Protein chains: 2
Amino acid sequence: MARQATAAGAASKRSKAGATAASDPVKRDQILAAATRVFLASGYGGTSMDAIAEAAGVSKQTVYSHFGGKDALFGAIVRKKCGQLLEPLRMPPQTPRSPGGDPQTVLSGVAQRFLELILAAENMAHYRAVVAESRRFPELAEAFYRSGPEIVVDNLARYLKTMDREGVLAVAEPKPAARLFFAMLRGDLYIRRLLGLGPAPAQADMRRAVRQVVRVFLAAHAAGKSQRG
Amino acid sequence: MARQATAAGAASKRSKAGATAASDPVKRDQILAAATRVFLASGYGGTSMDAIAEAAGVSKQTVYSHFGGKDALFGAIVRKKCGQLLEPLRMPPQTPRSPGGDPQTVLSGVAQRFLELILAAENMAHYRAVVAESRRFPELAEAFYRSGPEIVVDNLARYLKTMDREGVLAVAEPKPAARLFFAMLRGDLYIRRLLGLGPAPAQADMRRAVRQVVRVFLAAHAAGKSQRG
DNA sequence: GTCTATAAAAGGATAGAC
DNA sequence: GTCTATCCTTTTATAGAC
């Protein structure tokens, strides 16, 4: 567990405040990267600390020095990936105003980027691991939900609210509508990949899915209607 | 117990040809039931054969006699649950013709039953296990897909095709439309339960979700439109 | 701070009595 | 056919040299 306590009369190690056990950031990143690869490839139960140490090119003891144990290491890699989840979506300058373009264009862009994101192999593996261990690590499941699904819904809901106010779309309940929009994108392509069935979908498949979703969504929320969802 | 055997000259057990290893169906069901509980509660990696034997009230050797090993046992319980997946949906007499009622009623019924099905705790755990081990057991993932998602889509697509032909709905591509319908139902309620967040959804939540999905779906496929999805 | 070597425990699978 | 007892590998975690 690495504790400095016990005989600490007063500041035994004055240099570099924290870092009681290990501090080399290079080794730490090596371990983190290797652990990510192995954990996401084989799952929590299927991964041994030996495998991680070997993949990282360090000794097992070094892994234990940097992270307390298997649970903590798994938590660290899952949390890190949670933090990076939506990075690809922040590429476009994300200006809060001037969304640029008609709703169909905007929604298609959002859908396309979201679909690519959730279909990426690394993110699929991450989701698989979080779901699989959601009982053992409930706090990781919650961190994931808040880092991904919740944020994209909030962002889209804000946009939909604006469109409704401007009379461009009819969206009485922005958040449920946004949730439905993303649910539609987690369709057959997604489930099949999650189960590891068939090859990765072609760009054409993804574009077809995006078109279908946007079409249905817009049909339900055309301006002038008084829909609630 | 207590058998004199050993000295049996000829045809010690002429009765019951097969059954080289084990045959007691009661014990077998005990093991299967216990294994289902433990595997679905703790996952493949988190479950030990000792735990299964104890939960079943038999010795570990008996477990090995009935099923070859851990992998085979896991496969057996997953396959069995795959076969039972859609049983609740077959309750209504499932007459191939005369679906009875307007599309909104029919679709609402389908949606309600499907939502209850996928939100049931046992089915959630089953899905979690299949997804988690889809790398180690690809054939189980495929069996699941064919036992559940594929069948419900085919059934709904057939109905939609009929409605399209009768001019009640406008569904140019029944299967993609059916896939989208069920994707919409795997929405926020579903994801949150899959991640173990919050309590089980109330009936009111489910009905609200069903209403939203059916409303959006019907808006997109109202008769007279020439939608493709 | 990192490595080598080892302790301590758990888990999958099997042998042999009855 | 089922149980008890055991084998042996794997795995988590730690101790001690440098």
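Keep in mind it's a predicted model, so treat the numbers as computed, not measured. A note on names: the letters A, B, ... follow the listed sequences, proteins ahead of strands, and every chain is numbered from 1.
As rounded to whole Å, 18 Å separates atom P of D:dG16 from atom OH of A:Tyr64. Rounded to whole Å, atom C1' of D:dT2 lies 12 Å from atom CD of B:Gln30. A straight line from CD of B:Glu54 to P of D:dC3 spans 13 Å, rounded to a whole angstrom. Rounded to whole angstrom, the span from the CZ atom of B:Phe74 across to the P atom of C:dG12 amounts to 13 Å. For the pair A:Ile52 CD1 and D:dA13 P, the interatomic distance rounds to 11 Å; values are reported in whole Å. Taking atom CG of residue B:Leu73 and atom P of nucleotide C:dA13, one finds them 10 Å apart after rounding to whole Å. What separates CG of A:Asp50 from C1' of C:dA10 is a distance of 15 Å, to the nearest Å. At whole-Å resolution of the value, CE in A:Met49 and P in D:dA13 are 6 Å apart.
Within the structure, every side-chain polar atom (N or O) of A:Thr62 is placed at least 4.0 Å from both OP1 and OP2 of C:dG1. A close approach under 4.0 Å does occur between a side-chain nitrogen or oxygen of B:His66 and OP1 or OP2 of D:dT2.
A:Arg211 has its side chain out of reach of A:Ser108: every pair of non-hydrogen atoms, C-beta onward, lies at least 4.5 Å apart. A heavy-atom distance below 4.5 Å is not found between the side chains of B:Met124 and B:Ile118.
Ranking D:dA13, D:dC3, C:dA13 by closeness to the A:Lys70 side chain, first place goes to D:dA13. Between C:dA13, D:dA15, D:dT12, one nucleotide has an atom nearer to the side chain of A:Gln61 than all others, and that is D:dA15. Which of D:dG1, C:dT2, C:dC3 sits closest to the side chain of A:Val58 comes down to C:dC3. The side chain of A:Lys60 lies closest to D:dA13, out of C:dT2, D:dA13, C:dA13. The side chain of A:Ser59 lies closest to C:dT4 when the candidates are C:dG16, C:dT4, D:dT11.
Looking at every heavy atom in both residues, B:Gly69 comes nearest to B:Met49 through C-CE, 3.9 Å.
B:Ser65 and B:Thr62 form no side-chain donor-acceptor contact under 3.5 Å, judged by distance and modelled atom types alone.
Without hydrogens or angle criteria, A:Lys81 side chain to A:Phe144 main chain gives no donor-acceptor distance under 3.5 Å.
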